[in-house]
Amino acid sequence: MTVKTRFAPSPTGYLHVGGARTALFSWLYARKHGGTFVLRIEDTDLERSTTDSVNAILEGMTWLGLEYDEGPFYQTRRFDRYNEVIEDLLQRGLAYRCDCSKERLEALREEQMKHKQKPRYDGHCRNRHVDADAPHVIRFRNPMEGIVVVDDMIRGKVAYDNAELDDLIIRRSDGSPTYNLTVVVDDADMGITHVIRGDDHLNNTPRQINILRALGKEPPRYAHVPMILGDDGARLSKRHGAVSVMQYREDGFLPEALLNYLVRLGWSHGDQEVFSLDEMIELFDIEDVNKAPSSFNTDKLLWLNQHYIKQSDPKHIAHLLSPHMGKLGIDPAEDGPDLVEVVEAQQERAKTLVEMAEISAFFYKEFEEYDAKAAKKHLRPVAQAPLERAREALERLDDWRPEPLHKAVADVADALDLNMGKVAQPLRVAVSGRAATPGIDVTLYLVGKDATLRRIDRALEHIRQRAAASS
RNA sequence: GCUCCCUUCGUCUAGUGGUCUAGGACGCUGGCCUCUCACGCCGGUAACAGGGGUUCGAGUCCCCUAGGGAGUACCA
């Protein structure tokens with residue numbers, strides 16, 4: 001049997017991390033078994049579905065690299081097929097028309113709740129032969145006895161009493177089919193062998209199995225993955241910030257980091273934390289997914305992101321960094337140092353691309369003002385002599401490369417009988433405005449000679465003004 | 001309310017009756033390295049929800065309780 005999995009989001013919002021993880025698991029399972037991965041858009045809720053959402057989901061999938069082999073299929077384009085199935089069910093007496101009013105249903109629910117019962121349709125229209133021309137919905141005639149067992153690859157066997165299930169609506173009064181009918185028809189028609197989906201669908205599964213059986217189809221294997229909770233253990237929501245996958249790109253995360261983070265949420269392979277895509281495909285197994293929900297931990301994602309930034313090819317990072325520099329009004333291609341060299345210098349210093357852009361901006365443009373603490377600590381009168389001497393030495397230096405630069409700064413320190421830090425720190429603040437940058441030699445190299453000399457003058461002026469102000 | 005699901009360090013997890021005085025990772029923290037920051041390296045912190053069983057022996061099996069979650073829609 002060839003494995004065929006699917007990801008079936010409803011386009012009522014962007015792709016969030018929970019959906020992304022479900023998609024990842026489905027994708028991995030298909031890839032691992034040399035199977036097929038299908039994307040299906042479940043847009044039968046005409047009210048809430050939007051094309052913007054469809055695009056957002058597609059964009060998210062693409063960014064993560066979860067390419068699908070078939071689809072996207074849209075359920076709204078398959079209404080004829082659903083109607084055909086519904087008609088067949090009606091013919092065979094496995095479904096029936098119902099014209100119960102909302103008021104009646106409402107009253108029924110309240111009554112049942114009052115008697116501490118589970119609210120469910122009472123089968124009022126089961127044998128009433130409602131006129132097809134009158135407004136009505138169509139309900140599935142659920143078996144009244146027996147049990148349905150969901151044999152879940154993650155949960156094990158979960159049994160439901162048919163008596164607990166009621167006759168659900170499979171076609172609305174406006175003629176559109178509902179979720180529980182469409183999934184079942186689509187999964188069967190598309191030959192889905194493994195349904196890997198969110199935990200919230202576990203309770204729907206027995207109903208779906210019943211419909212499947214009515215259709216004379218064999219149920220697929222099911223795997224219900226637990227949901228993802230926010231940092232605080234509560235349900236993941238907008239409140240938790242970046243829940244949209246695309247927001248992570250905005251925030252400077254690498255797709256490989258997010259993927260790696262997501263695959264480890266609820267799944268593990270011994271003590272291994274870092275997985276390449278190939279390793280994931282090789283080692284992943286749906287049976288190893290945990291049953292318990294897990295909390296999203298941004299700190300760990302950040303750590304993984306830094307890990308991937310560190311070990312990636314600087315050219316690759318530079319390519320991804322460029323747009324973030326652009327947001328700061330910098331076009332690295334225009335002038336200034338080679339962005340790849342900047343990345344090499346900053347690779348171990350940034351957890352995100354956004355952060356890397358921020359700490360690298362001074363290589364390309366004048367910084368507005370000094371970091372207050374850094375200036376207070378390092379641009380003091382005692383720094384005047386080191387800066388003046390450094391300026392002289394650097395102005396004389398023609399070979400503007402890290403090694404000679406290092407020697408030049410070290411020589412100034414020696415000549416003044418100071419520690420390297422006493423010269424390097426004022427210099428660092430002078431040329432970058434901040435207290436932390438890559439090594440002073442690389443920093444000066446990347447800033448360039450003209451800007452270095454200019455900024456040292458600016459710093460010396462700053463020191464003079466400060467001295468004047470305090471006297 | 002009812003049905004179903006879940007429960008190991010703060011978080012992600014290892015653990016499938018004895019090797020668990022419970023391992024790894026993130027975080028936090030002490031130190032080393034060092035021109036700053038970071039990286040790296042060495043060390044520390046911290047958990048089997050509670051109670052009953054079963055067993056020579058339970059984190060591992062069973063039951064109960066508690067706490068979380070999902071569903072209970074003419075949403076998906």
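Chain A is the first sequence line, chain B the second, and so forth, proteins listed ahead of strands; every chain is numbered from 1.
- The R264(A) side chain lies nearest to C12(B) when the options are C6(B), C12(B), A76(B).
- Pairing of C37(B), defined by two Watson-Crick or G-U wobble distances under 3.5 Å, is not identified with any nucleotide.
- The nucleotide whose nearest atom lies closest to any side-chain atom of K351(A) is, among C35(B), G27(B), A76(B), G27(B).
- The side chain to side chain contact (heavy atoms under 4.5 Å, CB included) test with P206(A) is passed by exactly one of N162(A), D161(A), V148(A), V149(A): V148(A).
- For Q425(A), counting side-chain heavy atoms from C-beta on, the closest listed nucleotide (G71(B), C12(B), U36(B)) is U36(B).
- Taking CG of D371(A) as the reference point, atom NZ of K376(A) lies at 12.0 Å (rounded to 0.5 Å).
- Annotation: U54(B) and A46(B) have their P atoms spaced 34 Å apart (nearest Å).
- The base of A76(B) is not paired with the side chain of D200(A) by any donor and acceptor separated by under 3.5 Å.
- To the nearest whole angstrom, the two C1' atoms, one in C9(B) and one in A47(B), are 4 Å apart.
- Between the C1' atom of A76(B) and the CD atom of Q208(A) lies a distance of 10 Å, rounded to the nearest Å.
- Distances from the side chain of R349(A) to the nucleotides U36(B), U7(B), U13(B) place U36(B) closest.
- Residue R109(A) is classed as a sugar-phosphate contact, given heavy-atom separations below 4.0 Å to backbone atoms only.
- Here, A58(B) and G50(B) have their P atoms 15 Å apart, quoted to the whole Å.
- The same atom, C1', is picked in G44(B) and in C6(B); the two are 33 Å apart, to the nearest Å.
- If you take atom C1' in U13(B) and the same atom in C74(B), they sit 43 Å apart, rounded to whole Å.
- Across all strands shown, the partner of U7(B) is A66(B), judged by Watson-Crick or G-U wobble contacts whose two distances both fall under 3.5 Å.
- Atom CD of E145(A) has 12 or fewer neighbouring heavy atoms from other residues, nucleotides or ligands inside a 6.0 Å radius.
- The side chain of T44(A) places an N or O atom within less than 4.0 Å of a non-bridging phosphate oxygen (OP1 or OP2) of A76(B).
- For the pair H115(A) NE2 and C2(B) C1', the interatomic distance rounds to 14 Å; values are reported in whole Å.
- The distance between atom CZ of F275(A) and atom C1' of U13(B), rounded to the nearest whole Å, is 11 Å.
- Residue K300(A) has its side chain nearest to C12(B) when only A76(B), C6(B), C12(B) are considered.
- Listed nucleotides U72(B), C4(B), G23(B) differ in distance to P119(A); the shortest reach to its side chain belongs to U72(B).
- Between the side chain of R428(A) and the base of C35(B), a donor-acceptor pair under 3.5 Å is found.
- Rounded to whole Å, the distance from CZ on R40(A) to C1' on A76(B) is 11 Å.
- Relative ring orientation between F296(A) and Y248(A) is described as tilted, the plane-to-plane angle lying within the 30° to 60° band.
- Contact annotation for S294(A): backbone-only contact, meaning every heavy-atom pair under 4.0 Å involves sugar-phosphate atoms and none involves a base.
- Counting all heavy atoms, side chain and backbone alike, I196(A) lies closest to T22(A) at O-CG2, 3.7 Å.
- For T182(A) and A76(B), the shortest distance from a side-chain N or O to OP1 or OP2 is not below 4.0 Å.
- Residue V158(A) is classed as a sugar-phosphate contact, given heavy-atom separations below 4.0 Å to backbone atoms only.
- When the nucleotides U3(B), C35(B), A76(B) are ranked by their closest atom to the side chain of M420(A), C35(B) comes out on top.
- The C1' atoms of C61(B) and U21(B) are separated by 24 Å, rounded to the nearest whole Å.
- Within 3.5 Å, a donor on the side chain of N203(A) pairs with an acceptor on the base of A70(B), or the reverse.
- At a threshold of 4.0 angstrom between heavy atoms, the contacts of A435(A) include nucleobase atoms, whether or not backbone atoms are also involved.
- In this model, a side-chain donor or acceptor of S173(A) finds a partner on the base of C74(B) within 3.5 Å.
- Rounded to whole Å, the C1' atom of G51(B) lies 15 Å from the corresponding atom of U7(B).
- The side chain of S268(A) contributes an N or O atom lying less than 4.0 Å from OP1 or OP2 of A14(B).
- Comparing A70(B), C4(B), C6(B) by their closest approach to the side chain of Y160(A) singles out C4(B).
- Residue-level contact check: A159(A) touches the backbone only, with heavy atoms under 4.0 Å from sugar-phosphate atoms and none from bases.
- Note on K116(A): only backbone sugar-phosphate atoms sit closer than 4.0 angstrom, heavy atoms only; bases stay farther off.
- If you check A22(B) for Watson-Crick or wobble pairing at under 3.5 angstrom, you find it has no partner at all.
- The aromatic rings of W303(A) and H307(A) are tilted relative to each other, their planes meeting at an angle between 30° and 60°.
- Separating the CG atom of D299(A) from the P atom of U29(B) is a distance of 12 Å, rounded to the nearest angstrom.
- Relative to the side chain of K118(A), the nucleotides C2(B), A76(B), C26(B) differ in distance, and C2(B) lies closest.
- Base pairing analysis places G43(B) opposite U29(B); the two distances defining the Watson-Crick or G-U wobble pair are each below 3.5 Å.
- Once rounded to the nearest 0.5 Å, the distance linking CD of E111(A) with CD of Q117(A) reads 8.5 Å.
- When the P atom is used for both A14(B) and U8(B), the distance is 10 Å, rounded to whole Å.
- E42(A) comes within 4.0 angstrom of sugar-phosphate atoms only, judged by non-hydrogen atoms across all strands, and of no base.
- Taking atom CD of E273(A) as the reference point, atom C1' of G27(B) lies 13 Å away to the nearest angstrom.
- For the atom pair CG (L427(A)) and CG (L394(A)), the distance works out to 6.5 Å, reported to the nearest 0.5 Å.
- Taking the side chain of L105(A) as heavy atoms from C-beta on, and the options U11(B), C74(B), C6(B), the nearest nucleotide is C74(B).
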